[in-house]
Amino acid sequence: MVFVKKSVLCTKIQILTLVFLSLFKHHLPPLSISPQNFHLHPCNFFHTKKFLIRLYIVVAKMVKICCLGAGYVGGPTMAVIALKCPSIEVAVVDISVSRITAWNSDQLPIYEPGLDEVVKSCRGKNLFFSTDVEKHVAEADIIFVSVNTPTKTRGLGAGKAADLTYWESAARMIADVSKSDKIVVEKSTVPVKTAEAIEKILTHNSKGVKYQILSNPEFLAEGTAIEDLFAPDRVLIGGRETPDGQRAIKALKDVYAHWVPEERILCTNLWSAELSKLAANAFLAQRISSVNAMSALCEATGADVAEVSHAVGKDTRIGHKFLNASVGFGGSCFQKDILNLVYICECNGLPEVANYWKQVIKVNDYQKNRFVNRIVSSMFNTVSGKKIAILGFAFKKDTGDTRETPAIDVCQGLLGDKARLSIYDPQVTEEQVHKDLSMNKFDWDHPVHLQPMSPSTVKQVSVVWDAYEAAKGAHGLCILTEWDEFKNLDYKKIYDNMPKPAFVFDGRNVVNPQKLREIGFIVYSIGKPLDSWLKDMPAVA
Ligand SMILES: NC(=O)C1=CN([C@@H]2O[C@H](COP(=O)(O)OP(=O)(O)OC[C@H]3O[C@@H](n4cnc5c(N)ncnc54)[C@H](O)[C@@H]3O)[C@@H](O)[C@H]2O)C=CC1
Ligand SMILES: O=C(O)[C@H]1O[C@H](OP(=O)(O)OP(=O)(O)OC[C@H]2O[C@@H](n3ccc(=O)[nH]c3=O)[C@H](O)[C@@H]2O)[C@H](O)[C@@H](O)[C@@H]1O
């Protein structure tokens with residue numbers, strides 16, 4: 001009985017202390033950042049004499065992370081950190097009010113398998129989305145910067161160099177509002193040596209606050225972001241080789257160590273980390289351009305690119321991943337990052353290296369042009385006034401992202417020849433399609449609220465919500481995204497509703513060309529033996 005009364009009294013005191021400390025936590029002296037401090041067992045916690053000290057530690061110094069940029073990287077990455085590290089408070093902030101409103105709603109601003117569940121399980125607990133950028137930056141111990149780094153469209157390095165406007169303004173804002181020491185983490189993909197520039201901005205405006213800059217590039221791919229974040233091949237952290245730099249690396253490593261095995265967390269110097277990100281994307285894109293270059297040769301010789309990729313990929317030194325021939329790679333990063341790499345090589349007096357990487361983009365552009373040429377040349381050298389169905393507009397399946405999607409170039413090529421397009425994609429809105437088809441190159445990579453507000457509607461384009469509707473009355477059907485549903489469409493029904501000859505141009509090799517030929521279609525599949533109809537047509541119109 002005595003024990004019960006004592007414990008009730010004790011609990012009341014504990015709760016009151018907790019409330020008190022919560023209210024006045026900002027007036028307590030800071031402790032060193034170490035997530036290890038927070039692994040207190042809840043049972044021990046309330047029954048030890050050191051209770052007040054422990055409570056002080058937990059309430060006063062729960063590690064706070066703030067991420068600038070609630071986009072495709074900032075949103076999912078921070079949601080996973082919050083899920084895996086319940087002892088860390090994560091605030092994701094953005095200058096775009098509509099993005100933050102969407103993150104706080106049931107309709108998240110990006111489509112990514114598994115993301116909804118992760119966000120819903122920690123939002124409002126230790127994961128917050130806010131437009132109060134300055135408040136959260138001021139309170140944070142670790143600040144991730146995951147803002148846009150588009151390709152420059154004007155001035156020095158236009159068309160190649162990374163535009164660091166958003167990064168620089170983020171750094172200046174951090175310097176303005178910070179009153180305590182911070183670890184600033186480059187999450188965006190940036191040119192090598194960016195950390196040096198950021199360091200200068202921060203230290204020259206520091207008002208006595210100390211900063212450590214880390215490079216922690218992100219390797220997630222869209223469509224599999226949550227999977228990739230849960231089990232990354234590696235986490236890369238680059239920092240200064242000074243004692244303070246190493247302590248900062250350790251603090252960030254401790255965050256990832258909540259769920260990533262130690263041997264997968266690689267620590268390097270700053271420049272290696274920054275360059276590794278650009279190198280990884282360049283290597284990946286290079287594989288696609290290599291297989292796409294082979295696909296042209298396959299069409300010319302009667303080889304089948306799928307068989308060639310399979311045979312080549314069986315060599316364990318080469319491996320089978322990323323060898324799918326396609327209409328071309330898209331997405332917000334491959335082209336941007338390679339252009340950036342090319343620019344850095346040129347600036348460092350390495351024109352041969354620059355030209356080598358430039359070729360990866362040239363082959364990608366060649367592949368998209370080749371696809372359009374195949375369509376036009378097989379349809380009697382003109383698509384003027386003809387309806388063409390476009391199945392898939394996103395740059396890959398399982399995402400609604402259309403940034404630098406090959407569909408834009410293919411559609412623009414067909415529109416240039418006066419085709420009428422009927423577009424269907426399960427995740428891309430009508431507004432987005434019109435915006436993409438009327439926007440200037442590279443404009444898409446700026447924050448949404450800074451892009452052209454009301455894009456002009458492209459007259460010859462209609463967007464529909466059903467593949468059958470898109471194909472009705474169409475002379476040809478182009479598959480531009482490998483959505484699973486395109487594999488299982490009723491192609492007989494589609495064929496019956498099209499004028500003849502009816503064409504299928506498969507830019508993702510999702511259909512079985514033989515089966516479609518049996519129905520009656522004339523089929524073009526990337527890198528596959530050509531239909532007799534196409535053999536007589538020039539590959540370049
Ligand atoms: N999308 C991807 O799969 C990957 C992207 N990256 C890199 O991550 C960076 C971000 O890419 P995404 O997330 O795709 O871009 P995003 O455009 O989806 O998101 C960037 C966000 O930053 C916000 N922003 C810009 N300036 C800001 C500021 N000063 N303060 C607060 N918010 C600000 C924008 O409003 C936007 O919502 C880029 O450097 C990209 O190269 C790296 C790996 C994967
Ligand atoms: O820095 C980035 O933004 C990210 O870029 C890519 O990820 P992502 O662009 O989201 O998607 P990928 O799966 O790499 O596909 C890129 C493009 O290549 C195409 N692709 C991919 C693989 C393949 O074999 N063939 C092929 O044409 C895809 O359809 C897509 O258009 C990288 O895979 C990520 O590691 C990286 O973090």
Side-chain angles (χ1 to χ4, degrees), residues 66-77 92-100 102-103 109-110 112 130-131 133-134 136-137 143-151 162-174 186-191 194 217-225 228 232-233 277-278 280-285 287-292 295 309 313 320-337 340 364 367 392 394-399 401-407 444-451 480-482 507-509 526:
C66 172
C67 175
L68 292 172
Y72 284 87
V73 170
T77 317
V92 191
V93 297
D94 205 293
I95 47 175
S96 161
V97 177
S98 61
R99 268 228 159 141
I100 291 298
W103 279 110
I110 61 177
E112 193 63 61
S130 168
T131 48
V133 178
E134 296 188 358
H136 289 286
V137 166
I143 303 166
F144 285 83
V145 184
S146 183
V147 300
N148 319 62
T149 50
T151 304
D163 178 350
L164 293 179
T165 310
Y166 304 106
W167 235 108
E168 184 175 338
S169 83
R172 289 187 185 280
M173 185 272 298
I174 294 171
E186 291 176 343
K187 200 51 156 165
S188 306
T189 304
V190 290
T194 297
E218 184 48 59
F219 295 101
L220 68 80
E222 288 176 31
T224 53
D228 297 342
D233 286 346
K277 172 64 194 177
L278 295 180
N281 272 0
F283 277 44
L284 288 168
R287 272 175 84 91
I288 304 169
S289 279
S290 298
V291 76
N292 282 345
S295 74
S309 300
H320 64 277
K321 291 186 181 166
F322 253 69
L323 285 180
N324 294 323
S326 66
V327 58
F329 61 73
S332 60
C333 293
F334 280 174
Q335 175 172 288
K336 162 176 85 73
D337 294 348
N340 185 355
N364 199 46
Q367 188 75 344
F395 82 97
K396 63 187 278 197
K397 75 168 181 178
D398 290 338
T399 177
D401 194 354
T402 59
R403 293 178 291 177
E404 208 59 56
T405 173
W444 50 265
D445 204 14
H446 291 264
V448 182
H449 64 290
L450 300 181
Q451 290 172 16
L480 299 184
T481 312
E482 71 283 21
R508 297 290 184 168
N509 286 347
I526 301 270

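Counting convention: from 1, in listed order, for ligands and their atoms alike. The figures that follow rest on heavy atoms only: side chains count, while hydrogens, waters and symmetry mates do not.
- Counting the atoms of ligand 1 from 1 in the order shown, those under 4.0 Å from a heavy atom of Arg99 are 16 (P), 17 (O), 18 (O), 19 (O), 36 (C), 37 (O).
- Neither the backbone nor the side chain of Met173 comes within 4.0 Å of ligand 1, counting heavy atoms alone.
- At a cut-off of 3.5 Å, with distance as the only test, no side-chain donor of Ser96 or Asp94 sits close to an acceptor on the other residue.
- Inclusion of Lys187 in the set of residues having an N or O under 3.5 Å from an N or O of ligand 1 is not warranted.
- Each of Phe219, Phe329, Phe334 was scored for a side-chain contact (heavy atoms from CB on, under 4.5 Å) with Leu284, with one residue passing: Phe334.
- Ligand 1 has an N or O atom lying under 3.5 Å from an N or O atom of Asn148, backbone or side chain.
- Using a 4.5 Å heavy-atom threshold, the side chains of Phe395 and Ser332 count as separate.
- When heavy-atom distances to ligand 1 are checked against a 4.0 Å cut-off, Ser169 comes that close only through its side chain, counted from C-beta outward.
- At least one side-chain heavy atom of Thr149 sits less than 4.5 Å from a side-chain heavy atom of Leu164.
- Scored by the salt bridge (charged side-chain N to carboxylate O under 4.0 Å, His left out) test, Arg508 finds Glu482 as partners (sequence neighbours excluded).
- If you check each of Lys277, Glu222, Lys336 against atom 1 (N) of ligand 1, the one with the closest non-hydrogen atom is Glu222.
- The closest side-chain heavy-atom distance from Trp103 to Ile110 is below 4.5 Å.
- Under a 4.0 angstrom heavy-atom cut-off, Leu220 registers as being in contact with ligand 1.
- Of all the atoms in ligand 1, the ones that sit under 4.0 Å from a non-hydrogen atom of Cys333 are 4 (C), 5 (C), 6 (N), 40 (C), 41 (O).
- In this comparison of Val137, Thr131, Val73, Asp401, the heavy atom closest to atom 8 (O) of ligand 1 sits on Val73.
- Every residue was checked against the ring pair (Phe, Tyr, Trp, His ring centres under 6.0 Å) condition with Trp167, not counting sequence neighbours, and none meets it.
- Taking only non-hydrogen atoms, the option from Ile95, Asp94, Val93 nearest to atom 30 (N) of ligand 1 is Ile95.
- The shortest side-chain heavy-atom distance between Thr131 and Val93 does not fall under the 4.5 Å cut-off.
- Close approach to Ser332 involves these atoms of ligand 1, each under 4.0 Å from a residue heavy atom: 1 (N).
- Judged purely by distance below 3.5 Å, without hydrogens or angles, the side chains of Thr189 and Lys336 never pair a donor atom with an acceptor atom.
- The atoms of ligand 1 that sit less than 4.0 Å from any heavy atom of Gly71 are 13 (O), 16 (P), 18 (O), 19 (O).
- Across the listed options Ile100, Val92, Thr149, Thr149 owns the non-hydrogen atom lying nearest to atom 38 (C) of ligand 1.
- Sorted by chain then number, the residues whose non-hydrogen atoms approach ligand 2 to under 4.0 Å are Glu218, Phe219, Leu220, Ala221, Glu222, Lys277, Asn281, Leu284, Ile288, Phe322, Leu323, Asn324, Ser326, Phe329, Gly330, Cys333, Phe334, Phe395, Lys396, Arg508.
- Per-residue contacts place Arg403 under 4.0 angstrom from the following atoms of ligand 1 (heavy atoms of the residue considered): 1 (N), 12 (P), 14 (O), 15 (O), 16 (P), 17 (O), 18 (O).
- A search for ring pair (Phe, Tyr, Trp, His ring centres under 6.0 Å) contacts involving Phe322 returns nothing, not counting sequence neighbours.
- Here the side chains of Lys187 and Val145 are not in contact, with every heavy-atom distance at 4.5 Å or above.
- Under 4.0 Å is where a charged nitrogen must lie from a carboxylate oxygen, and between Arg403 and Glu222 at least one such pair does.
- Checked by atom type, the side-chain pair Gln367/Ser295 shows a donor-acceptor distance below 3.5 Å.
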